[in-house]
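Reminder, nothing fancy here: chain letters follow the sequence lines and each chain counts from 1.
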2 protein chains.
Amino acid sequence: MADIKSSGKALFLREEELRRGIELMYFAYRDFTGEADSILVEQDMGRAHHRAIYFVGRHPGMRVSDLLAILNITKQSLSRVLSTLVKDGYIVQKTGAGDRRQRLLYLTERGIALEARLTEVQGRRFAAAYRNAGAKAVEGFQHVLQGLLDVETRSQIDRQDKSE
Amino acid sequence: MADIKSSGKALFLREEELRRGIELMYFAYRDFTGEADSILVEQDMGRAHHRAIYFVGRHPGMRVSDLLAILNITKQSLSRVLSTLVKDGYIVQKTGAGDRRQRLLYLTERGIALEARLTEVQGRRFAAAYRNAGAKAVEGFQHVLQGLLDVETRSQIDRQDKSE
DNA sequence: ATTTTATGTCAGCCATGTTGACCAATTATC
DNA sequence: GATAATTGGTCAACATGGCTGACATAAAAT
(Lines give C-alpha, C1' and ligand atoms only; values in the text may rest on other atoms or scores of the structure.)
Protein backbone atom coordinates (compact mmCIF):
# COMPACT_ATOMS: atom_id res chain seq x y z
CA MET A 1 0.00 0.00 0.00
CA ALA A 2 2.74 2.40 0.94
CA ASP A 3 4.50 1.29 -2.23
CA ILE A 4 1.58 2.02 -4.45
CA LYS A 5 1.03 5.34 -2.80
CA SER A 6 4.60 6.47 -3.09
CA SER A 7 4.96 5.28 -6.67
CA GLY A 8 1.79 7.17 -7.51
CA LYS A 9 3.20 10.21 -5.87
CA ALA A 10 6.50 9.77 -7.64
CA LEU A 11 4.74 9.54 -10.97
CA PHE A 12 2.73 12.62 -10.19
CA LEU A 13 5.82 14.56 -9.24
CA ARG A 14 7.54 13.32 -12.35
CA GLU A 15 4.78 14.52 -14.64
CA GLU A 16 4.65 17.87 -12.88
CA GLU A 17 8.39 18.18 -13.21
CA LEU A 18 8.27 17.38 -16.89
CA ARG A 19 5.49 19.87 -17.53
CA ARG A 20 7.47 22.46 -15.64
CA GLY A 21 10.36 21.86 -18.01
CA ILE A 22 8.17 22.00 -21.10
CA GLU A 23 6.63 25.28 -20.05
CA LEU A 24 9.88 26.87 -18.97
CA MET A 25 11.38 25.91 -22.27
CA TYR A 26 8.59 27.61 -24.16
CA PHE A 27 8.61 30.81 -22.15
CA ALA A 28 12.38 31.06 -21.94
CA TYR A 29 12.82 30.63 -25.67
CA ARG A 30 10.17 33.21 -26.40
CA ASP A 31 11.69 35.79 -24.09
CA PHE A 32 15.21 34.93 -25.19
CA THR A 33 14.38 35.73 -28.80
CA GLY A 34 12.11 38.67 -28.03
CA GLU A 35 14.74 41.34 -27.57
CA ALA A 36 16.60 40.46 -30.74
CA ASP A 37 13.31 40.40 -32.62
CA SER A 38 12.71 44.03 -31.64
CA ILE A 39 16.05 45.07 -33.07
CA LEU A 40 15.35 43.10 -36.21
CA VAL A 41 12.04 44.79 -36.98
CA GLU A 42 13.85 48.14 -36.91
CA GLN A 43 16.02 46.81 -39.73
CA ASP A 44 13.07 45.30 -41.60
CA MET A 45 14.34 41.83 -40.92
CA GLY A 46 13.06 38.72 -39.22
CA ARG A 47 14.45 35.84 -37.27
CA ALA A 48 15.46 34.04 -40.40
CA HIS A 49 17.85 36.86 -41.26
CA HIS A 50 19.25 36.74 -37.77
CA ARG A 51 20.03 33.07 -38.03
CA ALA A 52 21.83 33.50 -41.31
CA ILE A 53 23.87 36.41 -40.01
CA TYR A 54 24.65 34.60 -36.81
CA PHE A 55 25.98 31.42 -38.37
CA VAL A 56 27.86 33.16 -41.15
CA GLY A 57 29.52 35.27 -38.48
CA ARG A 58 30.35 32.14 -36.59
CA HIS A 59 31.76 30.31 -39.61
CA PRO A 60 33.13 32.87 -42.07
CA GLY A 61 33.63 31.44 -45.53
CA MET A 62 31.06 28.73 -45.08
CA ARG A 63 29.25 27.36 -48.10
CA VAL A 64 25.54 27.84 -48.71
CA SER A 65 25.02 24.11 -48.36
CA ASP A 66 26.70 24.17 -44.94
CA LEU A 67 24.33 26.85 -43.79
CA LEU A 68 21.41 24.87 -45.17
CA ALA A 69 22.53 21.85 -43.20
CA ILE A 70 22.77 23.82 -39.98
CA LEU A 71 19.46 25.58 -40.34
CA ASN A 72 17.67 22.54 -41.69
CA ILE A 73 15.41 24.49 -44.04
CA THR A 74 14.93 24.41 -47.80
CA LYS A 75 17.21 26.32 -50.10
CA GLN A 76 14.22 28.31 -51.32
CA SER A 77 13.56 29.56 -47.81
CA LEU A 78 17.19 30.39 -47.24
CA SER A 79 17.58 31.96 -50.65
CA ARG A 80 14.93 34.51 -49.84
CA VAL A 81 16.71 35.89 -46.77
CA LEU A 82 20.19 35.40 -48.15
CA SER A 83 19.54 37.43 -51.27
CA THR A 84 18.13 40.33 -49.27
CA LEU A 85 21.10 40.20 -46.92
CA VAL A 86 23.46 40.38 -49.89
CA LYS A 87 21.44 43.11 -51.55
CA ASP A 88 21.41 45.18 -48.35
CA GLY A 89 25.12 44.73 -47.82
CA TYR A 90 25.24 42.51 -44.73
CA ILE A 91 26.74 39.49 -46.44
CA VAL A 92 29.09 39.04 -49.39
CA GLN A 93 29.55 35.93 -51.46
CA LYS A 94 32.96 35.04 -52.81
CA THR A 95 33.49 32.36 -55.40
CA GLY A 96 35.35 29.38 -53.97
CA ALA A 97 39.04 29.24 -54.87
CA GLY A 98 39.19 25.47 -55.29
CA ASP A 99 35.63 24.79 -56.36
CA ARG A 100 34.28 27.71 -58.34
CA ARG A 101 30.66 26.59 -57.98
CA GLN A 102 30.73 27.56 -54.34
CA ARG A 103 29.59 30.96 -53.05
CA LEU A 104 31.45 31.28 -49.78
CA LEU A 105 29.67 33.48 -47.28
CA TYR A 106 31.20 36.34 -45.30
CA LEU A 107 29.79 39.15 -43.20
CA THR A 108 30.54 42.69 -44.31
CA GLU A 109 31.42 45.41 -41.80
CA ARG A 110 27.76 46.21 -41.64
CA GLY A 111 26.93 42.55 -41.08
CA ILE A 112 29.54 42.23 -38.37
CA ALA A 113 28.11 45.26 -36.60
CA LEU A 114 24.56 43.95 -36.64
CA GLU A 115 25.63 40.48 -35.59
CA ALA A 116 27.56 41.95 -32.68
CA ARG A 117 24.60 44.03 -31.60
CA LEU A 118 22.23 41.08 -31.69
CA THR A 119 24.59 38.68 -29.99
CA GLU A 120 25.35 41.25 -27.33
CA VAL A 121 21.70 41.53 -26.38
CA GLN A 122 21.22 37.80 -26.20
CA GLY A 123 24.59 37.31 -24.54
CA ARG A 124 23.68 39.82 -21.86
CA ARG A 125 20.59 37.87 -21.01
CA PHE A 126 22.56 34.66 -20.81
CA ALA A 127 25.33 36.28 -18.80
CA ALA A 128 22.82 37.52 -16.25
CA ALA A 129 21.13 34.15 -16.00
CA TYR A 130 24.47 32.37 -15.73
CA ARG A 131 25.79 34.75 -13.10
CA ASN A 132 22.66 34.37 -11.07
CA ALA A 133 22.56 30.60 -11.29
CA GLY A 134 26.22 29.81 -10.81
CA ALA A 135 28.77 27.69 -12.63
CA LYS A 136 27.38 24.35 -11.49
CA ALA A 137 23.92 25.30 -12.71
CA VAL A 138 25.31 26.36 -16.07
CA GLU A 139 26.92 22.98 -16.47
CA GLY A 140 23.65 21.29 -15.70
CA PHE A 141 21.80 23.60 -18.05
CA GLN A 142 24.07 22.74 -20.94
CA HIS A 143 23.98 19.08 -20.09
CA VAL A 144 20.20 18.94 -20.17
CA LEU A 145 19.95 21.00 -23.35
CA GLN A 146 22.33 18.61 -25.05
CA GLY A 147 20.11 15.77 -23.96
CA LEU A 148 17.13 17.40 -25.64
CA LEU A 149 18.81 17.40 -29.05
CA ASP A 150 18.12 14.94 -31.83
CA VAL A 151 21.03 12.59 -32.31
CA GLU A 152 21.66 14.09 -35.75
CA THR A 153 21.88 17.57 -34.32
CA ARG A 154 24.25 16.38 -31.63
CA SER A 155 26.66 14.78 -34.06
CA GLN A 156 26.45 17.83 -36.29
CA ILE A 157 27.47 20.07 -33.42
CA ASP A 158 30.25 17.68 -32.46
CA ARG A 159 31.59 17.78 -35.99
CA GLN A 160 31.60 21.56 -35.93
CA ASP A 161 33.37 21.69 -32.60
CA LYS A 162 36.08 19.39 -33.85
CA SER A 163 36.72 21.31 -37.05
CA GLU A 164 37.39 24.58 -35.23
CA MET B 1 50.62 42.04 -18.29
CA ALA B 2 49.51 38.77 -16.82
CA ASP B 3 46.37 40.54 -15.76
CA ILE B 4 45.60 41.79 -19.24
CA LYS B 5 46.32 38.43 -20.74
CA SER B 6 44.16 36.51 -18.31
CA SER B 7 41.32 38.98 -18.54
CA GLY B 8 41.48 38.74 -22.29
CA LYS B 9 41.37 35.01 -22.06
CA ALA B 10 38.52 35.17 -19.57
CA LEU B 11 36.57 37.43 -21.92
CA PHE B 12 37.19 35.10 -24.80
CA LEU B 13 36.05 32.11 -22.81
CA ARG B 14 33.06 34.03 -21.62
CA GLU B 15 31.96 34.95 -25.13
CA GLU B 16 32.46 31.40 -26.32
CA GLU B 17 30.45 30.14 -23.39
CA LEU B 18 27.64 32.55 -24.14
CA ARG B 19 27.56 31.63 -27.80
CA ARG B 20 27.45 28.00 -26.84
CA GLY B 21 24.38 28.73 -24.76
CA ILE B 22 22.71 30.71 -27.52
CA GLU B 23 23.26 27.97 -30.06
CA LEU B 24 22.25 25.16 -27.77
CA MET B 25 19.08 27.03 -26.96
CA TYR B 26 18.22 27.37 -30.63
CA PHE B 27 18.91 23.76 -31.54
CA ALA B 28 17.33 22.30 -28.43
CA TYR B 29 14.14 24.27 -28.88
CA ARG B 30 13.91 23.28 -32.51
CA ASP B 31 14.37 19.59 -31.80
CA PHE B 32 12.16 19.73 -28.74
CA THR B 33 9.23 21.00 -30.80
CA GLY B 34 9.98 18.91 -33.88
CA GLU B 35 8.37 15.67 -32.79
CA ALA B 36 5.16 17.30 -31.66
CA ASP B 37 5.06 19.24 -34.91
CA SER B 38 5.02 15.98 -36.86
CA ILE B 39 2.01 14.74 -34.92
CA LEU B 40 0.29 18.05 -35.44
CA VAL B 41 0.59 18.05 -39.22
CA GLU B 42 -1.19 14.68 -39.24
CA GLN B 43 -4.12 16.41 -37.57
CA ASP B 44 -3.91 19.44 -39.85
CA MET B 45 -2.82 21.60 -36.98
CA GLY B 46 0.12 23.78 -36.13
CA ARG B 47 2.05 24.83 -33.08
CA ALA B 48 -0.50 27.48 -32.25
CA HIS B 49 -3.16 24.80 -31.81
CA HIS B 50 -0.80 22.84 -29.63
CA ARG B 51 -0.23 25.77 -27.31
CA ALA B 52 -3.92 26.39 -26.90
CA ILE B 53 -4.63 22.74 -26.18
CA TYR B 54 -1.71 22.51 -23.82
CA PHE B 55 -2.64 25.46 -21.63
CA VAL B 56 -6.36 24.73 -21.62
CA GLY B 57 -5.50 21.23 -20.48
CA ARG B 58 -3.31 22.69 -17.80
CA HIS B 59 -5.89 25.18 -16.59
CA PRO B 60 -9.37 23.79 -17.29
CA GLY B 61 -12.06 26.43 -17.15
CA MET B 62 -9.71 29.28 -17.91
CA ARG B 63 -11.02 32.39 -19.62
CA VAL B 64 -10.06 33.40 -23.14
CA SER B 65 -8.36 36.49 -21.74
CA ASP B 66 -6.24 34.32 -19.42
CA LEU B 67 -5.07 32.29 -22.37
CA LEU B 68 -4.31 35.47 -24.29
CA ALA B 69 -2.22 36.73 -21.39
CA ILE B 70 -0.23 33.50 -21.24
CA LEU B 71 0.39 33.23 -24.96
CA ASN B 72 0.97 36.92 -25.43
CA ILE B 73 -0.58 37.08 -28.88
CA THR B 74 -3.51 39.06 -30.27
CA LYS B 75 -7.03 37.85 -29.83
CA GLN B 76 -7.37 37.71 -33.61
CA SER B 77 -4.55 35.20 -33.81
CA LEU B 78 -5.93 33.14 -30.98
CA SER B 79 -9.46 33.36 -32.30
CA ARG B 80 -8.41 31.66 -35.49
CA VAL B 81 -7.04 28.55 -33.81
CA LEU B 82 -9.57 28.53 -31.02
CA SER B 83 -12.52 28.49 -33.37
CA THR B 84 -11.11 25.58 -35.37
CA LEU B 85 -10.40 23.69 -32.16
CA VAL B 86 -14.00 24.21 -31.05
CA LYS B 87 -15.34 23.33 -34.48
CA ASP B 88 -13.29 20.14 -34.60
CA GLY B 89 -14.33 19.13 -31.12
CA TYR B 90 -11.10 19.47 -29.16
CA ILE B 91 -12.27 22.32 -26.94
CA VAL B 92 -15.65 23.34 -25.55
CA GLN B 93 -16.64 26.75 -24.28
CA LYS B 94 -19.01 27.07 -21.34
CA THR B 95 -20.58 30.33 -20.33
CA GLY B 96 -19.28 31.55 -16.98
CA ALA B 97 -21.64 30.94 -14.04
CA GLY B 98 -20.90 34.22 -12.28
CA ASP B 99 -20.00 36.40 -15.24
CA ARG B 100 -21.96 35.35 -18.28
CA ARG B 101 -19.69 37.23 -20.70
CA GLN B 102 -16.96 34.69 -20.11
CA ARG B 103 -16.43 31.63 -22.31
CA LEU B 104 -14.62 29.23 -20.02
CA LEU B 105 -12.43 26.79 -21.89
CA TYR B 106 -12.31 23.03 -21.41
CA LEU B 107 -10.79 20.15 -23.34
CA THR B 108 -13.14 17.49 -24.67
CA GLU B 109 -12.26 13.80 -24.50
CA ARG B 110 -10.74 14.19 -27.92
CA GLY B 111 -8.76 17.22 -26.75
CA ILE B 112 -7.55 15.42 -23.67
CA ALA B 113 -6.37 12.51 -25.80
CA LEU B 114 -4.42 14.71 -28.19
CA GLU B 115 -2.93 16.78 -25.38
CA ALA B 116 -1.80 13.60 -23.66
CA ARG B 117 -0.21 12.29 -26.82
CA LEU B 118 1.68 15.50 -27.48
CA THR B 119 2.81 15.96 -23.90
CA GLU B 120 3.90 12.36 -23.72
CA VAL B 121 6.23 12.82 -26.67
CA GLN B 122 7.76 15.98 -25.30
CA GLY B 123 7.82 14.57 -21.78
CA ARG B 124 9.68 11.50 -22.95
CA ARG B 125 12.38 13.69 -24.43
CA PHE B 126 12.66 15.66 -21.23
CA ALA B 127 12.63 12.52 -19.11
CA ALA B 128 15.50 11.06 -21.10
CA ALA B 129 17.51 14.27 -20.88
CA TYR B 130 16.79 14.59 -17.18
CA ARG B 131 17.69 10.98 -16.45
CA ASN B 132 20.91 11.31 -18.36
CA ALA B 133 21.95 14.57 -16.75
CA GLY B 134 20.95 13.85 -13.16
CA ALA B 135 18.96 15.69 -10.53
CA LYS B 136 21.55 18.36 -9.84
CA ALA B 137 21.78 19.23 -13.51
CA VAL B 138 17.99 19.46 -13.77
CA GLU B 139 17.98 21.95 -10.93
CA GLY B 140 20.60 24.02 -12.69
CA PHE B 141 18.74 23.76 -15.97
CA GLN B 142 15.57 25.13 -14.45
CA HIS B 143 17.45 27.78 -12.58
CA VAL B 144 19.11 29.11 -15.72
CA LEU B 145 15.90 28.96 -17.76
CA GLN B 146 14.15 31.00 -15.09
CA GLY B 147 16.92 33.53 -15.33
CA LEU B 148 16.31 33.87 -19.07
CA LEU B 149 12.71 34.95 -18.58
CA ASP B 150 11.44 38.49 -18.78
CA VAL B 151 10.48 39.77 -15.35
CA GLU B 152 6.84 39.96 -16.47
CA THR B 153 6.86 36.32 -17.51
CA ARG B 154 8.43 35.32 -14.22
CA SER B 155 5.82 37.07 -12.12
CA GLN B 156 3.10 35.64 -14.33
CA ILE B 157 4.37 32.12 -13.73
CA ASP B 158 4.67 32.80 -10.03
CA ARG B 159 1.07 33.95 -9.89
CA GLN B 160 -0.03 30.77 -11.63
CA ASP B 161 1.95 28.60 -9.27
CA LYS B 162 0.41 30.26 -6.27
CA SER B 163 -3.16 29.98 -7.51
CA GLU B 164 -2.96 26.21 -7.92
C1' DA C 1 30.66 13.27 -73.29
C1' DT C 2 27.74 12.62 -69.59
C1' DT C 3 26.41 12.89 -64.98
C1' DT C 4 26.52 14.91 -60.60
C1' DT C 5 27.00 18.80 -57.54
C1' DA C 6 26.33 23.59 -55.86
C1' DT C 7 23.52 27.15 -56.27
C1' DG C 8 19.79 30.09 -57.76
C1' DT C 9 15.03 31.32 -59.22
C1' DC C 10 10.02 31.43 -60.25
C1' DA C 11 5.46 30.43 -58.74
C1' DG C 12 2.24 29.24 -55.45
C1' DC C 13 0.53 27.40 -50.90
C1' DC C 14 0.03 27.40 -45.78
C1' DA C 15 0.42 28.78 -40.85
C1' DT C 16 0.67 32.25 -37.75
C1' DG C 17 1.81 36.50 -36.34
C1' DT C 18 0.35 41.69 -36.93
C1' DT C 19 -2.95 46.22 -37.18
C1' DG C 20 -7.32 48.51 -37.47
C1' DA C 21 -12.20 48.81 -37.35
C1' DC C 22 -16.31 47.46 -35.61
C1' DC C 23 -20.03 44.77 -33.00
C1' DA C 24 -22.76 42.38 -29.22
C1' DA C 25 -23.65 40.89 -24.72
C1' DT C 26 -23.03 41.66 -20.15
C1' DT C 27 -21.49 43.85 -16.04
C1' DA C 28 -20.23 47.81 -13.30
C1' DT C 29 -20.75 52.61 -12.17
C1' DC C 30 -22.64 57.32 -11.71
C1' DG D 1 -31.80 53.87 -15.55
C1' DA D 2 -28.42 55.73 -18.59
C1' DT D 3 -23.66 55.33 -19.51
C1' DA D 4 -19.20 53.29 -19.43
C1' DA D 5 -16.18 49.37 -19.20
C1' DT D 6 -15.28 44.55 -19.86
C1' DT D 7 -15.30 40.06 -22.41
C1' DG D 8 -15.27 38.13 -26.49
C1' DG D 9 -15.81 37.78 -31.43
C1' DT D 10 -15.44 39.06 -36.51
C1' DC D 11 -13.89 40.95 -41.02
C1' DA D 12 -10.21 42.55 -43.88
C1' DA D 13 -5.59 43.12 -45.16
C1' DC D 14 -0.75 42.42 -44.63
C1' DA D 15 4.13 40.27 -43.47
C1' DT D 16 7.18 36.54 -42.39
C1' DG D 17 8.98 32.34 -43.11
C1' DG D 18 8.22 27.72 -43.64
C1' DC D 19 6.93 24.32 -47.67
C1' DT D 20 6.64 21.82 -52.64
C1' DG D 21 7.61 21.49 -57.50
C1' DA D 22 9.80 22.71 -61.65
C1' DC D 23 13.49 24.43 -64.05
C1' DA D 24 18.26 26.66 -65.11
C1' DT D 25 23.31 27.28 -65.10
C1' DA D 26 27.96 26.67 -64.11
C1' DA D 27 31.48 23.81 -62.70
C1' DA D 28 33.36 19.48 -61.26
C1' DA D 29 33.71 14.57 -61.41
C1' DT D 30 33.42 10.27 -63.92
Side-chain angles (χ1 to χ4, degrees), chain A residues 26 29-30 33-34 36-56 61-88 91-106, chain B residues 26 29-31 33-34 36-54 56 61-88 91-106:
Chain A
Y26 164 62
Y29 187 77
R30 189 188 66 184
T33 54
D37 287 347
S38 314
I39 294 175
L40 289 161
V41 294
E42 287 173 22
Q43 326 278 323
D44 277 297
M45 292 189 196
R47 253 182 230 184
H49 300 85
H50 185 187
R51 283 168 193 160
I53 286 184
Y54 181 88
F55 285 108
V56 170
M62 76 190 308
R63 295 174 305 167
V64 173
S65 56
D66 294 332
L67 187 50
L68 280 174
I70 287 179
L71 296 178
N72 219 17
I73 56 175
T74 59
K75 64 175 176 177
Q76 293 92 327
S77 297
L78 178 59
S79 165
R80 195 159 38 196
V81 298
L82 210 49
S83 54
T84 75
L85 287 170
V86 169
K87 177 173 65 65
D88 296 346
I91 284 182
V92 280
Q93 300 180 309
K94 298 185 187 172
T95 301
D99 187 333
R100 301 192 42 233
R101 287 171 304 182
Q102 300 171 352
R103 312 287 163 85
L104 307 183
L105 304 170
Y106 298 88
Chain B
Y26 164 61
Y29 188 75
R30 189 189 66 186
D31 291 354
T33 54
D37 287 348
S38 313
I39 294 176
L40 289 161
V41 294
E42 286 172 23
Q43 326 279 322
D44 277 297
M45 291 190 198
R47 254 183 229 184
H49 301 84
H50 184 185
R51 284 169 190 159
I53 286 183
Y54 180 87
V56 171
M62 77 191 307
R63 294 174 308 165
V64 172
S65 58
D66 295 333
L67 187 51
L68 280 174
I70 288 179
L71 297 177
N72 219 17
I73 57 175
T74 58
K75 64 176 176 176
Q76 293 91 329
S77 298
L78 178 58
S79 164
R80 197 160 35 201
V81 299
L82 211 48
S83 54
T84 73
L85 287 171
V86 169
K87 177 173 63 66
D88 295 346
I91 284 182
V92 280
Q93 299 180 309
K94 299 184 187 171
T95 302
D99 188 332
R100 302 195 39 233
R101 289 170 305 183
Q102 299 171 352
R103 310 287 161 86
L104 307 183
L105 303 170
Y106 297 88

What pairs with [X] under salt bridge (Lys or Arg N to Asp or Glu O under 4.0 Å), at least two apart in sequence or on another chain?
X         : answer
Arg51(B)  : none
Asp37(B)  : Arg47(B)
Asp31(B)  : none
Arg101(B) : Asp99(B)

Find the distance [X]:[atom1] to [N]:[atom2] and express it as a whole number of Å.
X         : N       : atom1 : atom2 : value
Leu68(A)  : dT9(C)  : CG    : P     : 13 Å
Lys75(B)  : dA12(D) : NZ    : C1'   : 15 Å
Leu104(A) : dG8(C)  : CG    : P     : 11 Å
Arg63(B)  : dT26(C) : CZ    : P     : 17 Å
Ile53(A)  : dG17(D) : CD1   : P     : 12 Å
Arg30(B)  : dG17(D) : CZ    : C1'   : 15 Å

Can you find a donor-acceptor N/O pair under 3.5 angstrom joining the side chain of Gln76(A) to the base of dG21(D)?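 Side chain to base: pair present.
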Under the rule for side-chain contact (heavy atoms from CB on, under 4.5 Å), what residues qualify as partners of Val56(B), not counting sequence neighbours?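 Residues passing side-chain contact (heavy atoms from CB on, under 4.5 Å) with Val56(B): Met62(B), Leu67(B), Ile91(B), Leu105(B), Leu107(B).
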Applying side-chain contact (heavy atoms from CB on, under 4.5 Å), can you list everything that pairs with Ser77(A), at least two apart in sequence or on another chain?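 Scan of Ser77(A) (side-chain contact (heavy atoms from CB on, under 4.5 Å), adjacent residues dropped) gives Ile73(A), Thr74(A), Arg80(A).
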Output the single nucleotide from [options] whose closest atom is nearest the side chain of [X].
X         : options                  : value
Thr74(A)  : dT10(D), dT7(C), dT20(D) : dT20(D)
Gln102(B) : dT7(D), dG17(C), dT7(C)  : dT7(D)
Arg103(A) : dG8(C), dT19(C), dG8(D)  : dG8(C)

From [X] [atom1] over to [Y] [atom2], what is the distance, rounded to the nearest 0.5 angstrom?
X        : Y         : atom1 : atom2 : answer
Gln93(B) : Leu82(B)  : CD    : CG    : 5.5 Å
Thr95(B) : Gln102(B) : OG1   : CD    : 9.5 Å
Met45(A) : Ile53(A)  : CE    : CD1   : 4.5 Å
Ile70(B) : Tyr54(B)  : CD1   : OH    : 10.0 Å

Please determine whether a side-chain nitrogen or oxygen atom of Ser77(B) lies at a distance below 4.0 Å from atom OP1 or OP2 of dT18(C).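 Yes, such a contact exists.
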What pairs of nitrogen or oxygen atoms, one from the protein and one from nucleotides 27-30 of chain C, lie under 3.5 Å apart?
residue, atom, partner, partner atom, Å
dT27(C), OP1, Arg100(B), N, 2.8

Tell me which pairs pass salt bridge (Lys or Arg N to Asp or Glu O under 4.0 Å) where either residue lies in residues 66-77 of chain B, with sequence neighbours left out.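 Passing the test, one end in residues 66-77 of chain B: Arg63(B)-Asp66(B).
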Taking side chain to side chain donor-acceptor pair (under 3.5 Å) as the test, write out the residues that go with Thr84(A), two or more places apart.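 Partners of Thr84(A) by the side chain to side chain donor-acceptor pair (under 3.5 Å) criterion, ordered by chain and then number, come out as His49(A).
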Contacts to DNA chain D from residues 39-52 of chain A, heavy-atom cutoff under 4.0 Å, which residues?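 Hits under 4.0 Å, by residue number: Gly46(A), Arg47(A), Ala48(A), His49(A), Arg51(A).
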If every non-hydrogen atom of Ala52(A) is compared with every non-hydrogen atom of Leu85(A), which pair is closest and at what distance?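 Closest pair (atom of Ala52(A), atom of Leu85(A), distance): CB-CD1, 3.8 Å.
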Would you please classify the geometry between the Tyr29(B) ring and the Tyr29(A) ring as parallel, tilted or perpendicular, with 30° and 60° separating the classes?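 Answer is parallel, since the angle falls under 30°.
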For the helix from dA1(C)-dT30(D) to dC30(C)-dG1(D), how many degrees between its two end axes (five pairs per end), to the nearest 10°?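 Inter-axis angle at the ends, rounded: 20°.
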Sub-4.0 Å heavy-atom contacts from residues 78-85 of chain B onto DNA chain C, ordered by number: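 Contacting residues: Arg80(B).
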